[in-house]
Amino acid sequence: MADLLDIRNLRIEATSYPPGEKPRDGVLVDDVSVSVAKGKVLGLIGESGAGKSTIGLSAMAYGRGGVRLTGGEILLNGRNIRGLGAAGLRALRGREVTYVAQSAAAAFNPAKRLLEQVIETSLSHGIMGRDEAEKRAVMLFGKLGLPNPETFGNRYPHQVSGGQLQRAMTAMALCPKPDLVIFDEPTTALDVTTQIDVLAAIKEAIRDTGVAALYITHDLAVVAQVADDILVLRHGKKVEYGPVGQIINAPQEAYTQALVSVRSIDHEEKAEAPPVLSVQNVTARYRGTNFDVLKNVTVDLPAGQTLAVVGESGSGKSTLARAITGLLPVSQGRITFAGRELGRELKDRSRDDLRELQMIYQMADVAMNPRQTVGTIIGRPLEFYFGLGGEEKRRRVQDLLDQIEMGKGFADRYPAELSGGQKQRVCIARALAAKPKLIICDEVTSALDPLVADGILKLLLNLQAQEGVAYLFITHDLATVRAIADRIAVMYRGQVVRYGGKTDVLTPPFDDYTDLLLSSVPEMELGWLEDVLARRRMESAGN
């Protein structure tokens, strides 16, 4: 059978514009060749900047701003689409090849109903009439497991959950009956319980419609569930390429072996100790609402230890962090920190309260001022809390950079000149600059590829050993929990449903929700998804 997509010796270049320097040309993808047959799925795996999305978008003959396809052939249905003009590419995109973005929330128009957006491409290309397009959309809603398929499309994007919106975007990509669908990290931003539903829906839709697919991700356990073949990339070059079973079970290259063995940190749970933070019977609600988003929450965090707060999106994890930091005033209960009761609101907190309780955010990109250098970003808490300046401040900034293993040469760089992992390390250094007793880490590794995330976790553990700082670690990644936690609080709908030492919480018997959460974490083994779904079908049938 002829390949639907055949990429030969692809070369992609781009021009970067470093602040204060001359423009520089660089190679993003260097001599990569892959092919995908009809009805098959090719997984593209690798760390951030490996060229995964760039190769995926090349299947539409598209390059992001400043990106140029400078070599090789891209054969789709037997013709080289690099030779198509603007009109030919407009006819191709949305008809023969479609795209599912990582963030469905950013990809949908908030002012239009979902159905109108799902059928828009089918209508604009004249593939089918409105009645047929609407019937196909409703059929796809049902196939993808969306609630009330007949009326689901009447909702606006903000009226559905993140997982539902991601599935709606998959329906939009499948509606015009394309030959190839590009899935670009479609489950990265989802919690594990939602992710498994979306993965199952995507896999079933691909099987039933017979389309070919490129599945881009940095999670090898996820791609193992949906792909037939895997291409491992690094620095724009092909590292390894083969059937999913060979890549997972018998990788040949050292880099692939590292990807397969990632998250092997063995963190021994620390003994019970007096708490540096005590949250007692805390209840809270957002202003203007009449329901509680936190309900009678009680947890303790010993000094120098890590409390992992886990649960699906909307369970109250980040809301608990907002209550602890004073951004969300509590209506009942009390929060004690370092032996003193904290004020209910941020304005009631002392400067020591602010200094000793720091936060690291999920998206390092938006947590730093892009117009400030790394030295200025890290130096700000040194000025604000300790009045440091001049040479003393520069020495302390360099000490902090050494602590986060970034060394010399970074103080004068801007955030745009850093990788994702380096940006997150700068945010860690900024938090450490205040000499805190507690750092709240809000999904700090969820946007990073596995190898970089592994490095961040090891760094945090080393810093904890050196500085004695406690972490409140918010995450939906159970592999991260096992790697870093001493204690675990499982949250569901604003309540703590399971709490205690890591060993106790992760040892059966489980409550229903914790069992669902733990069973939804993808394992790096073939057939894992089918086994989990079959087990759940049996349980729901009462067997």
Side-chain angles (χ1 to χ4, degrees), residues 3-14 27-38 40-77 80-82 84 89 92-104 106-107 121 166 169-170 172-174 178-189 198-199 202-203 205-206 211-220 222-223 226-241 244 247 420 447 449:
D3 292 319
L4 173 74
L5 175 69
D6 189 8
I7 296 176
R8 302 174 182 174
N9 309 113
L10 182 66
R11 183 179 177 88
I12 301 176
E13 300 179 34
V27 178
L28 302 182
V29 176
D30 188 8
D31 194 27
V32 170
S33 298
V34 293
S35 59
V36 188
K38 187 173 177 61
K40 298 295 184 180
V41 180
L42 171 66
L44 300 179
I45 189 94
E47 62 194 42
S48 299
K52 306 184 298 293
S53 295
T54 304
I55 292 172
L57 290 170
S58 76
M60 305 166 67
Y62 177 78
R64 291 175 174 141
V67 172
R68 306 179 301 278
L69 280 65
T70 57
E73 295 179 306
I74 305 165
L75 303 177
L76 183 67
N77 284 321
N80 188 1
I81 63 174
R82 278 194 63 203
L84 296 177
L89 290 175
L92 169 88
R93 297 168 184 163
R95 177 189 289 268
E96 293 180 58
V97 56
T98 57
Y99 178 75
V100 177
Q102 178 175 350
S103 175
T121 302
Q166 202 69 50
M169 194 169 192
T170 301
M172 181 163 59
L174 292 172
D179 298 315
L180 175 70
V181 181
I182 302 162
F183 292 95
D184 195 353
E185 303 267 17
T187 64
T188 299
V198 173
L199 276 178
I202 288 173
K203 188 166 187 176
I206 291 171
V211 301
L214 293 178
Y215 196 99
I216 299 163
T217 182
H218 59 231
D219 191 333
L220 198 49
V222 166
V223 82
V226 296
D228 298 289
D229 299 294
I230 293 177
L231 170 64
V232 182
L233 294 156
R234 192 180 192 197
H235 304 319
K237 294 179 180 290
K238 179 169 68 176
V239 175
E240 194 163 350
Y241 179 35
V244 62
I247 298 294
D449 62 75

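Along the sequence shown, the residues carry numbers beginning at 1. None of the values given here were measured: they were computed from a predicted structure.
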Return the set of residues passing side chain to side chain contact (heavy atoms under 4.5 Å, CB included) with [X] (not counting sequence neighbours), or none when no residue passes.
{"X": "Asp179", "answer": "Leu4, Lys38, Asn77, Glu96"}
{"X": "Ala173", "answer": "Thr98, Val100, Val181"}
{"X": "Leu89", "answer": "Ala61, Leu84, Leu92, Arg93"}

Problem set entry | Pair listing, side chain to side chain donor-acceptor pair (under 3.5 Å) test, anchored in residues 54-63, at least two apart |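 Residue pairs passing side chain to side chain donor-acceptor pair (under 3.5 Å), neighbours aside: none found.
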
Taking every non-hydrogen atom, the tightest pair across [X] and [Y]:
{"X": "Leu214", "Y": "Ala59", "result": "CD1-CB, 4.1 Å"}
{"X": "Val226", "Y": "Val41", "result": "O-CB, 3.4 Å"}
{"X": "Ala227", "Y": "Gly43", "result": "CB-N, 3.8 Å"}
{"X": "Gly56", "Y": "Ile216", "result": "CA-CD1, 3.9 Å"}

If the condition is salt bridge (charged side-chain N to carboxylate O under 4.0 Å, His left out), which residues does [X] pass it with, not counting sequence neighbours?
{"X": "Lys203", "result": "Glu530"}
{"X": "Glu240", "result": "none"}
{"X": "Arg8", "result": "Asp6, Glu73"}

Using the side chain to side chain donor-acceptor pair (under 3.5 Å) criterion, which residues pair with [X]? Sequence neighbours excluded.
{"X": "Asn9", "answer": "Asp31"}
{"X": "Ser33", "answer": "none"}
{"X": "Asp219", "answer": "none"}
{"X": "Ser53", "answer": "Asp184"}

Could you tell me whether the side chain of [Y] reaches within less than 4.5 Å of the side chain of [X], counting heavy atoms only?
{"X": "Val223", "Y": "Phe183", "result": "no"}
{"X": "Ile7", "Y": "Leu5", "result": "yes"}
{"X": "Pro178", "Y": "Tyr99", "result": "no"}
{"X": "Leu69", "Y": "Ile74", "result": "yes"}

Distance check, rounded to the nearest 0.5 Å: [X] atom [atom1] versus [Y] atom [atom2]?
{"X": "Ile12", "Y": "Leu28", "atom1": "CD1", "atom2": "CG", "result": "7.0 Å"}
{"X": "Leu44", "Y": "Glu185", "atom1": "CG", "atom2": "CD", "result": "10.0 Å"}
{"X": "Leu174", "Y": "Ile202", "atom1": "CG", "atom2": "CD1", "result": "9.0 Å"}
{"X": "Tyr241", "Y": "Leu42", "atom1": "OH", "atom2": "CG", "result": "5.5 Å"}
{"X": "Lys52", "Y": "Ile182", "atom1": "NZ", "atom2": "CD1", "result": "14.5 Å"}

For residues 229-237, please give each side-chain donor-acceptor pair under 3.5 Å, one per line with the distance, not counting sequence neighbours.
from: Lys237; atom 1: NZ; to: Asp30; atom 2: OD2; distance (Å): 2.5

